[in-house]
Amino acid sequence: LAKTTQPISMDSYEGQEVNITCSHNNIATNDYITWYQQFPSQGPRFIIQGYKTKVTNEVASLFIPADRKSSTLSLPRVSLSDTAVYYCLVGDRFSGGYNKLIFGAGTRLAVHP
Amino acid sequence: EPEVTQTPSHQVTQMGQEVILRCVPISNHLYFYWYRQILGQKVEFLVSFYNNEISEKSEIFDDQFSVERPDGSNFTLKIRSTKLEDSAMYFCASSGTGTGRQPQHFGDGTRLSIL
């Protein structure tokens with residue numbers, strides 16, 4: 001499983017766009033990039049997943065450059081409720097059906113008024 | 001939106017006692033997982049389950065742990081003789097196909113406190 005590196009913490013203010021970058025230099029051809037969000041005392045919540053280029057949903061955008069060695073989660077116009085830990089995970093999409101997730105420490109985002 | 005539900009939300013148990021944590025995965029999902037998170041630490045994989053058998057388990061998932069799908073809707077984690085170090089949040093997750101293309105959906109966990 002490819003190792004990921006992301007900042008330990010970030011601070012932002014309400015209404016700003018937040019970009020969290022994750023490095024995954026050893027990503028394999030079959031690997032997908034997935035981001036989860038976790039609030040205190042809650043389970044991780046799936047945000048977005050991508051393989052290459054750009055993916056957008058109602059919550060976030062995911063930018064993946066051509067070499068796929070990094071990815072950036074973009075949260076538009078954050079609010080206080082976006083304060084959470086954000087995890088970047090890389091995993092084989094053909095993992096034989098046994099898709100265990102390996103979580104790192106994540107990025108602790110604090111949104112201030 | 002369908003969700004994974006876990007009960008109880010908080011379980012307090014004496015050391016050495018057995019505990020069963022319950023989960024109702026999303027109804028059409030085929031793959032089931034347990035994770036745990038000790039306070040202030042990372043989310044750790046425990047076990048994955050498919051077709052009524054364990055697919056993979058971590059080193060944490062020793063002989064004191066077992067999982068079961070007793071009927072078509074529930075998925076349980078049993079800890080036979082709890083230890084103080086079993087105190088943690090336990091999360092159940094489920095996914096459709098189990099490949100990386102299908103994200104796992106998590107419940108909000110059971111906080112297990114061992115006294």
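All values below come from the heavy atoms of this structure, side chains included, with hydrogens, waters and symmetry mates left out. Predicted, not measured: the structure shown is a model, and the values here were computed from it. The chains referred to below are lettered A, B, ... by the order of the sequence lines, with proteins before strands, and numbering in each begins at 1.
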When you look at [atom1] of [X], are more than 12 heavy atoms from neighbouring residues, nucleotides or ligands closer to it than 6.0 Å?
X        : atom1 : result
B:Leu115 : CG    : yes
B:Leu84  : CG    : yes
A:Arg108 : CZ    : no

Does one hydrophobic cluster hold both [X] and [Y], with members joined at side-chain heavy-atom distances below 4.5 Å?
X       : Y       : value
A:Ile48 : A:Phe63 : no
B:Ile79 : B:Phe49 : yes
B:Phe75 : B:Leu21 : yes

**Prompt:** Hey, what do you get for CZ (A:Phe46) to NE2 (B:His105), rounding to the nearest 0.5 Å?
**Reply:** 7.0 Å
**Item:** Spacing of OG belonging to B:Ser55 relative to NZ belonging to A:Lys100, to within rounding of 0.5 Å
**Value:** 12.0 Å
**Request:** Taking the six-membered ring for Trp and the single ring otherwise, decide whether the centroids of A:Tyr36 and B:Phe106 are under 6.0 Å apart.
**Result:**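 Judged by ring-centre distance (under 6.0 Å), A:Tyr36 and B:Phe106 do meet the cut-off.
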**Complete:** Per-residue tally against chain B (heavy atom, under 4.5 Å) across A:Ala105, A:Gly43, A:Ser41 peaks at A:Gly43
**Prompt:** Does any non-hydrogen side-chain atom of B:Tyr35 lie less than 4.5 Å from one of A:Leu101?
**Reply:** yes
**Item:** pair B:Phe91-A:Gln38: side-chain heavy atoms closer than 4.5 Å
**Value:**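 In contact.
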**Prompt:** Where on B:Gln37 is there a heavy atom nearer than 4.5 Å to chain A: the side chain, the backbone, both, or neither?
**Reply:**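 The side chain, not the backbone.
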